[in-house]
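What follows is one structure encoded as structure tokens, with my remarks underneath.
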Amino acid sequence: MKNEVVWRCPSNIALVKYWGKKENQIPCNASLSMTLQHAFTQVSLQLHEKKEKGVALEYFFENQKNEAFGQRVQKYLETNAKFFPVLNEHAIIIHSTNSFPHSTGIASSASSFGAISLALLSASDYPEEDLRHQASFLARLGSGSACRSMFGGYALWGELPGVDHSSDMFAIPVNEIHDHFSDMCDAILIIDDEPKKVSSSSGHALMEGHPYAAVRFQQANAHCATMLQVLQEGDFNGLIQIIENEALALHAMMMTSEASYLLMKPGTLLAIDKIRNFRLETGIPVCFTLDAGPNVHVLYPAKHEEAVHSFLKSELAGSMKGIIYDRIGTGPEKMSR
Ligand code: DP6
């Protein structure tokens, strides 16, 4: 075993959204995502001699001690120590860095827990052939959406009737993908970079007793089933219809929960409107999705990159703080030998 293990794990953008969970990070519905390429967390895990009992962790984010996230990781490790034998014998130091700026709405908990699980399993000498599968199971326990970051391309999380190996416990790769969707781009429009007012965890909790919960969970499962087919057939209209509907359904849940809240900003609505008009006018298959925040993910095939970039710059530059250009990625990567 080496004294340092380094892993990179990408973030992912959900096309069908996970929103609502049961105990032990079991989702209320299936979700499906695209793994990103440039937005990743890199974790360096160093092993040291251990003097005390229990989990001994020092956690640094961008070279600074980060108490808040460090405590979340500490709790995660204490709860799941049995899965990471390396913790029995070693004190660990984690240095984590993100390739993307704070408060962009890119899910850093997904890429962080993904990278932490991979590094700890590697350091525990977990068999390589099953590493991503087990890391998906364990990353889920840290942050639900993290389980989908373990595979390149597209990933499905949640048990779906008729889909072999689909499970609430881990994500699986979606391998049957039409050429149309094998090279998709995601331009992230930073409409607002203020820290989130309502955490995802509080948002999930508001789905308990939500008047539309049952219908929403059914809808998301049906969307996953249709999306699997659409991805296989290369049906752009089908894909766009589901992706945009999912984004708006997610925000509709927030707006109609008992403690109602609204994360979209005027710039979000403007971008949505312009993207839809641009699609109508040009016939270019471009669409939007949203995470739990105001920023807009613009999705389009790489062959339309030039046209979409010049549209975004000329039509939307004034209503946003910046753009991050990302694209479909190949999944996590071990950086140390
Ligand atoms: C809107 O995975 O961040 O991005 O399990 O509490 O960590 P926790 O939640 P998290 O929720 C993600 C919500 C979402 C939709 C999605 O990624 O599917």
Side-chain angles (χ1 to χ4, degrees), residues 9-36 39 41 68-69 71-73 75-76 79-80 98 100 103-117 136-151 154-158 160 168-171 174 186 188 195-208 210 216-217 219-221 223-224 227 242-255 257 261-264 268 288-297 299 326:
C9 183
S11 188
N12 68 78
I13 176 68
L15 308 181
V16 177
K17 310 291 182 183
Y18 148 57
W19 200 241
K21 60 175 155 178
K22 304 174 208 164
E23 238 178 275
N24 296 327
Q25 296 283 99
I26 297 299
C28 293
N29 61 260
S31 57
L32 198 153
S33 60
M34 183 176 99
T35 299
L36 297 178
T41 296
F69 200 72
Q71 273 170 20
R72 184 167 164 192
V73 176
K75 203 167 148 223
Y76 166 75
T79 314
N80 300 298
N98 288 348
F100 48 91
S103 301
T104 49
I106 297 175
S108 64
S109 61
S111 50
S112 301
F113 277 104
I116 290 169
S117 311
S136 179
F137 165 73
L138 289 169
R140 183 199 101 238
L141 298 171
S143 178
S145 54
C147 72
R148 298 185 310 234
S149 277
M150 291 304 148
F151 310 99
Y154 299 85
L156 172 74
W157 170 35
L160 260 195
D168 288 346
M169 312 291 271
F170 49 80
V174 178
D186 178 7
I188 305 158
K196 279 200 231 179
K197 284 193 207 84
V198 183
S199 71
S200 285
S201 299
S202 321
H204 286 292
L206 286 170
M207 287 307 285
E208 271 171 50
H210 193 297
R216 165 61 200 150
F217 301 148
Q219 177 194 46
N221 286 336
H223 277 162
C224 279
M227 171 132 341
I242 298 176
I243 291 180
E244 295 194 347
N245 191 298
E246 275 292 314
L248 297 174
L250 169 71
H251 283 256
M253 290 303 109
M254 299 169 188
M255 290 190 266
S257 53
Y261 63 110
L262 218 162
L263 298 179
M264 289 188 277
T268 314
F288 69 87
T289 186
L290 307 167
D291 253 342
N295 299 330
V296 180
H297 289 247
L299 303 170
D326 211 329

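We count ligands from 1, going down the list as the structure has it; atoms in each ligand are counted the same way. Side chains included, hydrogens not; waters and symmetry mates left out as well; all remaining heavy atoms used. Since the structure is predicted, the reported quantities are computational estimates derived from the model, not experimental observations.
- Judged by distance alone, with hydrogens and angles left aside, the side-chain atoms of Asp168 form no donor-acceptor pair with the main-chain N or O of Pro27 at under 3.5 Å.
- The Trp19 neighbourhood of ligand 1 comprises atoms 1 (C), 13 (C), with distances under 4.0 Å to a heavy atom of that residue.
- Partner of His297 under the side chain to side chain contact (heavy atoms under 4.5 Å, CB included) criterion, out of Asp326, Leu290, Ile13: Ile13 alone.
- Ranking the protein heavy atoms by distance from atom 17 (O) of ligand 1 puts Arg148 NH2, 2.8 Å first.
- Not a single donor-acceptor pair under 3.5 Å links the side chain of Asp186 to the backbone N or O of Asn12.
- Taking atom 4 (O) of ligand 1 as the reference point, the nearest protein heavy-atom neighbour is Asp291 OD1, 3.2 Å.
- Using a 4.0 Å cutoff on heavy atoms, Ala110 does not count as a contact of ligand 1.
- Contact atoms of ligand 1 toward Ser201: 6 (O) (distance under 4.0 Å to a heavy atom of the residue).
- Using cut-offs of 30° and 60° on the angle between ring planes, the pair Tyr76 and Phe113 is perpendicular.
- Protein heavy atom in closest approach to atom 2 (O) of ligand 1: Ser145 OG, 2.7 Å.
- The nearest heavy-atom contact from the protein to atom 11 (O) of ligand 1 is His204 NE2, 3.0 Å.
- Using a cutoff of 4.0 Å between basic side-chain nitrogens and carboxylate oxygens, Glu246 and Arg216 are scored as salt-bridged.
- Of the N or O atoms in Gly142, none lie within a sub-3.5 Å distance of an N or O in ligand 1.
- Here the heavy atom of the protein found nearest to atom 15 (C) of ligand 1 is Tyr18 O, 3.4 Å.
- Judged by distance alone, the side chain of Arg140 and the main-chain N or O of Ala171 form no donor-acceptor pair under 3.5 Å.
- Put simply, the side chain of Ser33 never gets that close to the backbone of Ala14: no donor and acceptor are under 3.5 Å apart.
- For Met253, no heavy-atom contact with ligand 1 is shorter than 4.0 Å.
- The closest approach between Arg72 and ligand 1 falls below 4.0 Å for a heavy atom of the residue.
- The distance from ligand 1 to the heavy atoms of Ala14 drops below 4.0 Å at these ligand atoms: 16 (C), 17 (O), 18 (O).
- Distances between N or O atoms of Asn12 and those of ligand 1 include no value under 3.5 Å.
- With hydrogens left out, the protein atom closest to atom 6 (O) of ligand 1 is Lys21 NZ, 2.7 Å, a heavy atom.
- Residue Gln25 forms a side chain to side chain donor-acceptor pair (under 3.5 Å) with just one option from Lys21, Lys22, Glu23, and that option is Lys21.
- A donor-acceptor pair under 3.5 Å links the side-chain atoms of His251 to the main chain of Asp291, judged by distance alone.
- Trp157 CH2 to Ser149 OG: the interatomic distance, rounded to the nearest 0.5 Å, is 11.5 Å.
- Annotation: atom 7 (O) of ligand 1 to nearest protein heavy atom, Ser143 OG, 2.7 Å.
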